[in-house]
Structure formats: structure tokens, C-alpha cells
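See below for the structure under consideration.
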Amino acid sequence: MNNTEVLIVGAGPSGLVMAAELARHGVCCRIIEKNAAISSQSKALGIHARSLEMFADMGMIEPVLAHGNKIHSLNIYSNRKQIVHVDLQHLATPYPFVLALPQNNTEEILQAHCEKLGVSVEHQTEIADLAQTADHVQVTLRKANGESEQLTVQYVVGCDGAHSKVRELLQLKFIGNPYSEVWLNGDIYGEWDYPTDQAYACYRGKGIMAVFPINKNRFRLITNHYHRRHGEQPHTPTVVDFQTIANIYLPTPMKLGEALWLNEFSIHFRSVKTNRVERVMLAGDAAHIHSPAGGQGMNTGMQDAYNLAWKLALVCRNQAKTKLLHSYQQERMAVAKDVIVLTNRLTRLMTMSNPLFCKFRDWFLLTISKLPAMQQRFAKSMAELDISYRQSDLTAEHAGGRAPAAQLKLFTSGEPISLFNIIAGTTFSLLLFSGVKHSAADLETLTNIAEAVQARYGEQIKLHWIISTQQKPTKLQSTNEIYLDPKQQCHQIYKADTACLYLIRPDGYISYHAKSPQWSALQAYLQSIFE
């Protein structure tokens, strides 16, 4: 008997995050992949801070960190002279770095995590057709041996990459264009006397070579120095090609050895106009592709899945209205648009050929990189910590940003605990701040709200008191979780001068904030989602 609620097509990072998250949220799903196994090529490499926060919430951060190389800063060289150094270690996150981890390793870790949750990838299986009705999707699957299977599910999520079959079946146009240049990249063993906890982009004329250390002796090298144009006869690069180019661009010699893999690739920027058609959704490269500048692609796709999974789970369990799925389209299409604009600008900046423009670029980058505010802004943007859903219909006024990191103390033991650990899980979290200055009336108002939320939404919303004193106030009789903020750092980060509340979504974004809490206003908001 088929009890599959969601079919996931494609077992790359986006599809695997989707499968893991749906399983964690209690949704029965299947994930299919037309290829026989995980690719041996490392492909995407950098995992940014926001994705690492996501992995921590999912319960799989340890193996990810164990297998990756922490990149603590980014550097830009022009004509072998350093013009930019961006330090990531000041980011307000538990993971102030980029983790260099080859995509095939990321997929292996994700696949193992899925299997622990009871979901196994069905390899050599692809989607052949689909048809939607008002309450289900009828899908035809085709296996490598030619067998077909008819499957009825509530929803389908296409995570099947740039050549998506699901997108084709939906007859959605993939709008955009290729860049004119063809690039070379590869993973090569080598020796270099520069720190391997930093990444490097080295300009010279209209060309660039980027260096990303994977470990002490293995490097990802990317360059546009090879001058074949898009559409011309392909060329298979060699280590000699990379050695010659490295000698031109890098500030000091790098001795290259054996290559794990080498290839050439073209860059496109393309996007669908919508990532949802009724009961079928697209995520990751199936919905948007862009330049690899900034390493945003894999991260954006995985966060598409992270955004959608909890919403699908609530709808599948009939705990939320179907219109909740509209917020996925609103939120993630806006993010995709911003990423395409950002990576396009970075690519144009990296590949400009006019000598005068290049000189101005170098002067401009050197100048703004010295400004602390610009350093922080750039680092936060690259880490994807500045993503906001303020324009979403799901977001109430004065909300929409990522819930900031903070440290608190357990009321019971005084042991330190991260706010991220407090709000982790599959439910909403309601943070009840006592305020730096609070009265008995403030606490009574918050207590009444807490009791009303618990009575109506007990399984869907966790309640957490955050108290600005060394001890729990004697008049606070709540039995909910209590955390102390004696130095009031968390209160300052959340601007909780007076009693207030924050509602945090399962994906760690603030969906509702009230400086003057009232149950009627919060109730109206919650009813718009759950009832």
C-alpha cells in the first residue's frame, strides 16, 4: 500500500536536504535519482555559515565539520599585490568561516543522514510523467531496467538540476543566457606556502585564477584564462595548463602535482518565473542557476529545501492552510533573484577587460575594503546571514530577519546554552523576553499569552522565557522553559528593553515580533497560518 506523501526528484544536496527535513518533520517521502551513484567529482565546494547553522539544526553538523576545511578569510590580489582581505571570524554565528567540503562528500554525509531517518535514495529511477488533480499528483516513474511504476502522492518537489525533467513536464521556461567565456576548474594536489585556511582570487589583466584550499595539499583551482568562447570546440585541460596559468596569476609559485579531476565549464544565469505550480515545486538548480562567484549555488538550493520542508509538513498534516506554500514562492524566488544579481555583478567585476576600468576596480576595492562597515556587510552577504523575508505574506510587521545568535544560561543549572540550541527542532518557538526593565504587570501579560498559546498550539509552538536577571522573578509561576540573561546581552541583541515577544519559525527566521504584546494580535497572526 502506497503511503508516500511527497516525491522528491533528484538526490543532489537540495533533494537530500528536502528528504532529510521531511523525514524529520514526520512526512513519508521517497527520493529518486536517475544516476547510479553519487558523482566522484567534487563540484560545489564552499558551505557558508547559514548552511552550517541549518546542518546544526538538522542534527548533522559534526560529520560535516569533521570532513571540511575551515576558510577564515578571503583575499583578492591584483597583479600579485593584495588589495582586499576580508576576515570572516567576526561574523555573529557559531560558524564564522566558509567550510571547504567537496559536494560529493556533502552528498555522502547527507545520504547517510537520510538513511538514519529511514529514507534511502532510489538510484537509476527517473520521473517520466506527471498529472495534477485538485488533491494529488499522479506520477509515472521509469527504472533503468525499463520497468514503470504509477505513484500517487500529495506533492512533488523537483530537485533535479539545471536540466530538470520536472521543470520540463511543467512546461516552465528557464529564462536567461550563458556568459561568453568558458572556464576551467579542477581539484589538484600541490604545494604552496600560503595559509590553507584562506581563499584567494588573483586578477591579472582581464583574467582571474581563484584558489580554494580543500586541505593542506589539495586545491580547487578555477580560471577564465583559457580563451575558448562559448560554443567553440571543447578542450580537455591538463595539469600543465593549470601550472602555466598559476605561474601567471598567483603571487608566489605553486607546484602542482596529480589531478583528481579537471574540466571546463560554461556559466549561465537562468531562472523560472515561478518555482511552484499547484502541487509541484522546484528547488535548487531546477529553479535557478547562476555564476559560481561567491559560492552561493549549492547553499541557495539547500536553503530552498530547508525553507519548503517545514511548510509542506504542516500542510501534509493538515495543521496549516495550503496558502502557506505560497510563501515558499514569495521568499525563495526573491532570494534567487538577489543571488543572480549579486553573482552577475561579481562575475562582471572579475572579468572586465578595459585597463582603465580594471585600475578603477582595484582602487575601489582597496578603498572600500578598509572600511569596517563594508567588510562586515560583504562578509555577512557571502555567509548568507543577511537573507530576510520581510516582504513575505508570512511575515508580520517588524519581522522577517534571521533570529540572531546569542548565549544564555539554563535556569536549572546555570550552564551556558546557545539560543540556536533552544530554538532548534521542528516547531515554532515563542521567545518571551522579560525586558531589561520589567514589572509584575509585564510578566502577567506574558504569562497569560503563554498560557493561551500553550492551550491552543501546544504541539506546534514551544515556549521559552528569557529573563534579564540572575534569578527567576518570584512572581513568575510559569512551568515553561526558563533561560537567564544576567548580562542582558541577548536582550540587547533582540532590542528587548521592555517586555516583548518573538515568534521564530522552524527554519530560524523571525515571523512575528511584538514590543507591546497582546494576545489578540498574536492570535490573529497564528490563525492566519494554522487555522
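Bear in mind the structure is a predicted one, so any value in this text is a computation, not a measurement.
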> Which heavy atom of Pro96 sits nearest a heavy atom of His72, and at what distance?
Replying inline: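 Smallest heavy-atom distance, with atoms named: O-CD2, 4.1 Å.
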Residues forming a side chain to side chain contact (heavy atoms under 4.5 Å, CB included) with [X], sequence neighbours excluded:
{"X": "Ala49", "result": "Thr93, Ala383, Leu385"}
{"X": "Ser14", "result": "Cys159"}
{"X": "Pro292", "result": "Phe265, Ile267"}
{"X": "Ala336", "result": "His288"}

To the nearest 0.5 angstrom, please state how far the [atom1] atom of [X] sits from the [atom2] atom of [Y].
{"X": "His48", "Y": "Met302", "atom1": "NE2", "atom2": "CE", "value": "9.5 Å"}
{"X": "Arg276", "Y": "Tyr155", "atom1": "CZ", "atom2": "OH", "value": "7.0 Å"}
{"X": "Lys70", "Y": "Leu88", "atom1": "NZ", "atom2": "CG", "value": "13.0 Å"}

> How about Phe269 and Asn177: do any of their side-chain heavy atoms sit closer than 4.5 Å?
Replying inline: yes
> Parallel, tilted or perpendicular for Phe428 and Phe530, by the 30°/60° rule?
Replying inline: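 Perpendicular: the ring planes of Phe428 and Phe530 meet at over 60°.
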> Parallel, tilted or perpendicular for Tyr483 and His464, by the 30°/60° rule?
Replying inline: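 Tyr483 vs His464 ring planes: tilted.
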> Of Tyr306, Trp310, Tyr389, which is the lone residue that meets ring pair (Phe, Tyr, Trp, His ring centres under 6.0 Å) with Tyr509?
Replying inline: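 So the option named by the test is Tyr389.
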> Applying the ring pair (Phe, Tyr, Trp, His ring centres under 6.0 Å) test to Tyr525, which of Tyr512, Trp519, Tyr457 qualifies?
Replying inline: Tyr512
>> Under the criterion side-chain contact (heavy atoms from CB on, under 4.5 Å), I'd like the reasoning laid out for Leu52 against Ile47: C-alpha separation, chi angles, the key distance, then a yes or no.
In response: CA-CA 7 Å; Leu52 293 172; Ile47 303 178; 3.7 Å; yes
>> I'd like to know whether CZ of Arg317 has more than 12 heavy-atom contacts from other residues, nucleotides or ligands below 6.0 angstrom.
In response: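 Enclosed.
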>> Glu115: which residues meet the salt bridge (charged side-chain N to carboxylate O under 4.0 Å, His left out) condition with it, sequence neighbours left out?
In response: none
>> Please enumerate all residues that pass salt bridge (charged side-chain N to carboxylate O under 4.0 Å, His left out) together with Lys462, with sequence neighbours excluded.
In response: none
